[in-house]
Amino acid sequence: MTGQRRVIARVLSDADDHPDVEELYRRASALDSRISVATVYRTVRLLEEKGILERRDFGGGRARYEATEGGRHHYHLIDVDNGKVIEFEDPEHEELMRRVAERLGFDFVSMRLELFGKKRPQPAKETKAPARTRKKKEAGS
């Protein structure tokens, strides 16, 4: 593995989001200005072929990536308004999917779940005037 590939791999392992190639390039080139976007594309393709990296399509017309986490099943909730990806785990769901696979005559190997949603508006909090102010208003009425 070349030094530039190591930088790209480090950027990927340090990422707590799901960067696309352009974002990977921006982060990697900040660490090593000799890295080209072509090197990032080639490295991503190689890491994906080796099973080290997984490609995700959360909409928006660009592939995003995350490190493969052998055996750990997690899911993604994508905010369709801003593209933010929230990772979560649900052991009950995983167990249900294992039972479904078994019932259909399969050994469970892996699964992928991506939910797309819109954040619900939060109800406006009622602001109360201080007790003294309220009493004055009531007294003047």
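Quick caveat, the model's predicted, so the values are computed rather than measured. No hydrogens, no waters, no symmetry mates; every other heavy atom, side chains included, goes into these values.
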Colleague: Going by heavy atoms in the side chains, are Glu22 and Val40 under 4.5 Å from each other?
Modeller: no
Colleague: Which value, rounded to the nearest 0.5 Å, describes the distance between Leu47 atom CG and Leu12 atom CG?
Modeller: 6.5 Å
Colleague: Any salt bridge (charged side-chain N to carboxylate O under 4.0 Å, His left out) involving residues 39-48? Give me the pairs, sequence neighbours left out, ordered by first then second residue.
Modeller: Glu48-Arg55
Colleague: Among residues at least two apart in sequence or on other chains, which ones pass side-chain contact (heavy atoms from CB on, under 4.5 Å) with Ala101?
Modeller: Phe106, Phe108
Colleague: Test of understanding: with side-chain contact (heavy atoms from CB on, under 4.5 Å), list the residues that count as partners of Asp14, not counting sequence neighbours.
Modeller: Arg10
Colleague: Can you confirm whether more than 12 heavy atoms, excluding those of Asn82, are under 6.0 Å from its CG atom?
Modeller: yes
Colleague: Checking Glu23 now: which residues fulfil side-chain hydrogen bond (donor to acceptor under 3.5 Å, both in side chains) with it, not counting sequence neighbours?
Modeller: Arg26, Arg27
Colleague: Tell me which one of Asp20, Ile8, Val37 satisfies side-chain contact (heavy atoms from CB on, under 4.5 Å) with Tyr25.
Modeller: Val37
Colleague: Distance from Leu24 atom CG to Tyr41 atom OH, nearest 0.5 Å?
Modeller: 10.0 Å
Colleague: Enumerate, atom names and distances included, each donor-acceptor pair closer than 3.5 Å involving a side-chain atom of residues 115-123, sequence neighbours excluded.
Modeller:
{"from": "Lys118", "atom 1": "NZ", "to": "Asp81", "atom 2": "OD1", "distance (Å)": "3.2"}

Colleague: Between Thr39 and Ile35, is there a donor-acceptor pair closer than 3.5 Å when you use the side chain of the first and the backbone of the second?
Modeller: no
Colleague: So how far is it from Gln4 CD to Leu31 CG, rounded to the nearest 0.5 Å?
Modeller: 12.0 Å
Colleague: Taking only residues two or more places apart in sequence, or in another chain, which ones meet Arg99 in a side-chain contact (heavy atoms from CB on, under 4.5 Å)?
Modeller: Glu95, Leu96
Colleague: Would you check, one step at a time, whether the test side-chain contact (heavy atoms from CB on, under 4.5 Å) holds for Asp79 with Ile86?
Modeller: CA-CA 8 Å; Asp79 185 325; Ile86 300 164; 5.9 Å; no
Colleague: Would you please name every residue forming a salt bridge (charged side-chain N to carboxylate O under 4.0 Å, His left out) with Glu102, sequence neighbours left out?
Modeller: none
Colleague: Under the salt bridge (charged side-chain N to carboxylate O under 4.0 Å, His left out) rule, collect the residues that match up with Asp32, sequence neighbours excluded.
Modeller: Arg34
Colleague: Could you report the tightest heavy-atom contact between Ala28 and Val7, atom names first, then the distance?
Modeller: O-CG1, 3.9 Å
